[in-house]
*Asks:* 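Quick one: this structure, given as structure tokens, is what I'll be asking you about.
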Amino acid sequence: MSGEFKSGRIVIVGASLAGLRAAETLRDEGFTGELTLVGDEPHPPYDRPPLSKQVLLGRVPAADVGLPARRQVDARWKLGVRASGLDPAAKEVLLANGERLPFDRLLITTGTRARPWPHPEEARLDGVLTVRTVDDASRLAERLDAGPRRVLVIGAGFTGSEIASACRERGLAVTVAERGPAPLVGALGGTLGSFAARLQRAHGVDLRCGVTVTSLLGSNGRLTGAELSDGSRIDVEVAVVALGAVRNTEWLDGSGLAAGPRGVACDAGCRAFNMYGIVTDDVFVAGDVARFPHPLFDYQMLALEHWGNAVEQAEVAAHNMVNPGPLRRPHLAVPAFWSSQFGLNIKSVGVPTFSDQVTIAQGSVEEGRLVVAYGYRGRITAAVSVNRAKWLEHYQRLIETAAPFPPEPGAADRPTAPRVMASDVPDPKVLSHGPTVALTGHLPDRRLAVLRPMA
Amino acid sequence: MSTETLLERINAYENRADPYPLYAELREHGVAQQNDGSYLVGTYHEIAALLHDPRISSDVRHRSTPDAARPDALPPSFIALDDPEHDRLRRLAMRPFGPPHSPGRVDALHEDIVEIARELTDGLRDRDRIDLVDDFAYPLPVTVICRLLGVPHEDMPELRGWTNTIIASLDHSPGEDPQEKQRAGTAARMAMGAYLGDLAERRRANPADDMISALVHDDGPEGRLDKPELMTTLTLLTIAGHETTVNLITNGMLTLLRHPEVLERLRREPELMPSAVEELLRYEPPVQMLPQRTPLTDIEVGGVIIPQGAPLFLMLASGNRDPLRFEDPDHFDPARRDNRHFGFGSGVHSCFGAPLARVETQVALAELLRRLDGPRLVEDPPPYRHSPILRGPRHLPIATDVRAGADA
Ligand code: HEM
């Protein structure tokens, strides 16, 4: 078919989960040309979720988190080299070692890095760490092995909470400092946030909310303590900075792409936009670094740091890179992620922050097993389960079909209509009003979005 | 067109060997209401929706016309209960069986399974004719489940008798007097529960290295199973761990003998076995339907309202052949990708023993392919068991070339 692209040169910048899955998909789809992967870490692709979980518990050595290859990928690997620029006119990627890599099609999967502690000299203190790479995780695991008297975790998002959980499981004293009113509140809203706060305290975490760490203190280059905005001071030997992620887009400065701190903007088919909002046809984006419009969420540009999104988006991008227009697919997967902490399994589908109301649809806070459904203007947009993951598929279907919120009562474990509350997502985005969109089809090539008039 | 309802035709024994054309007809109908007020669902996406819908109950006591003949002295086991009760019992039963508390239990059985399969195939060595069911597919999983649970070998025949009676009582297809079947089923359930309950008591006093001992000595945060719960849970595990795997192994061999090119391919590419077993679970699933579901409130599916309390049959084997979900669904493709079949159900009741069943079947088929020389079907189709729910051959006669004095 014309427009097929099965030979030529493809460069993938970013050799982690998304890059690897894209490379595999390209070969699966019959791409026989030259394939090059560039990664700034010296390691072959590995799996990140265990880094803040099993690795910190010492159950899995950091060296053992390799990603299982789905197939042998015939490609050139350039590992341990950073990409430093992109010349879109010459169609070349510039590498930090001065090399230039010409391409016919480019895929950007550079992902994110840990947001560093804002004060560089404090960040350099021995004992101040972040967790993003396998090297980070093994350093932290070593620190924890040494049995520090207290660990400070700065930031109680998912990563911070998982690290705190690992510390408690190892019997280490831990203080968590969170600027917001509760852990996880930024991602999951007030109901689950206060649940998480109780959970952490019940597990012996010294949880301090509504405070920031104003400075990290050291002596002889070693971390000794921290000062908090409420005036208190704690003695710690290890501080883990878990302030979220920074998107790796600096190398694209000056490339003319719509790249910035919030990611690289692309269309639903993973084609990058340039700074004028014109879609390019030879540069594609996938994974944590991509921002893409999702019809279920009013075409807001979503940037997701989710394992599943990286895989699915990489597959769509790779497919679209080598197939002509009519065969291209949209990336319409419903966002999903999971976390394990404090003995609980938390799983989310949809976008919980895209909500104005919540309700406990199944189970209860008292049981410690529940499903919270999130609604926005009368339709269901997300659901989060705690130790109830198997129920989530039902809610995913409701989200995909733009089913009404609150969900109909009658569940065996929630027979009466539950109470609806404000979702309490801090700093709610100003959400625009639009027609409702539902998804149809479950096979990748049959997935479509359909518009529905507002009920 | 016959005046019988689809369900009656699916249940009719003469259709046992090949129910698939009836399922195709069912998918044409969408959600099919039967004369007796029950509903059949045979399309993949609708089955998936219902299997995950928390308003669908597995507890038949929610039916508007509850089974009159079921006032058992024992409560239902967790396969027939809803959350949160189902969830609590399943978790307690899982603690000694699988991750996170017992991640090594199934792995530890792997060697045993290989050894049992070897012993059984050793016994077939000098025979040019075997019945795969009686000579191999039945004894293998039964020996495994007994070893897992810690049921003494000599008690296996008795368990087999009770199991058969209980399975027959689930079967509402025409045949013997239903009242009588129910009565016998209740009696067998009581007897089996009492036997397993006593065994558990003995293990409480004298623990051994088996799952029953682990179960009765487990002191998790949620306490232990009480006596009736132990009785019903162990009965469930014994039965569920039994007939289904027998049928998967038998259906597997039958399917491979009908597709000699796949059989040869698996001999050449043994690493394909796990995916071939998944395809078997899709193509010839041992559990053809789930006959015990009931909506707790009126539920709309596929444009039809299924009323609260109506008997609802989810036709897993039909969903597995739905062309809207699977490409070329009637084709047996051992390397099929994107194969999210319903062989083990889906949702909160999805098969508890799936990891074990997978290992057993993979080992069993690999061993058979390795040891049987020139296997051929003697009879096609073979004679089937009665049940349309747990469907599989009663016997599977196979002829082989005897290798004079040969060894593996
Ligand atoms: C090939 C073999 C097997 C097949 C095809 C199979 C199939 C199934 C299916 C379809 C269900 C869902 C029932 C429902 O939703 O109502 C189920 C549930 C179950 N299976 Fe299996 N099974 C197999 C082997 C086993 C084994 C070996 C065990 C025990 C060790 C086992 C234990 C169970 C239990 C306890 C349940 C109930 C789960 C619940 O209600 O939460 N199964 N099985």
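When reading the values below, keep in mind they use all heavy atoms of this one structure, side chains included, and skip hydrogens, waters and symmetry mates. Labels below follow one simple rule: chain letters A, B, ... track the order of the sequence lines, proteins then strands, and each chain is numbered from 1.
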*Asks:* Using a 3.5 Å distance criterion without hydrogens, assess whether the side chain of A:Ser348 forms a donor-acceptor pair with backbone atoms of A:Ala336.
*Replies:*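 No; judged by distance alone, with no hydrogens or angles, the pair does not exist.
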*Asks:* Let me know if B:Arg88 has heavy atoms under 4.5 Å from chain A in its side chain, its backbone, both or neither.
*Replies:*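 Contact with chain A involves no heavy atom of B:Arg88 at all.
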*Asks:* Using only atom types and a distance under 3.5 Å, with no angle test, would you say the side chain of A:Thr25 pairs donor to acceptor with the backbone of A:Arg21?
*Replies:*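 A pair under 3.5 Å: yes.
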*Asks:* Pick whichever of A:Arg369, A:Gln396, A:Gln362 has the most heavy-atom pairs under 4.5 Å with chain B.
*Replies:*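 So the answer, after comparing A:Arg369, A:Gln396, A:Gln362, is A:Arg369.
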*Asks:* Please report the C-alpha distance between B:Glu46 and B:Thr43 in whole Å, then the side-chain angles of each, then the deciding distance to 0.1 Å, and finally whether the side chain to side chain donor-acceptor pair (under 3.5 Å) criterion is met.
*Replies:* CA-CA 6 Å; B:Glu46 284 65 32; B:Thr43 43; 2.7 Å; yes
*Asks:* For each of B:His86, B:His62, B:Arg91, B:Glu85, tally heavy-atom pairs with chain A at distances under 4.5 Å, and name the one with the top tally.
*Replies:*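 Looking at each option in turn, the highest pair count goes to B:Arg91.
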*Asks:* Who among B:Asp82, B:Leu296, B:Asp83, B:Leu51 has the most heavy-atom pairs with chain A under 4.5 Å?
*Replies:*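 That would be B:Asp83.
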*Asks:* Using the six-membered ring of B:Phe326, assess whether NZ or CZ of B:Arg282 lies under 6.0 Å from its centre and within 45 degrees of the ring axis.
*Replies:*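 The answer is yes; both the distance and angle limits are met.
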*Asks:* How long is the gap from CG on B:Asp330 to CG on B:Asp328, to the nearest 0.5 Å?
*Replies:*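 Taking CG in B:Asp330 and CG in B:Asp328, the distance rounds to 7.5 Å.
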*Asks:* Under a 4.5 Å heavy-atom cutoff, which of B:Asp87, B:Ile299, B:Asp59 has the most pairs with chain A?
*Replies:*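 Sorted descending by pairs with chain A, the first entry is B:Asp87.
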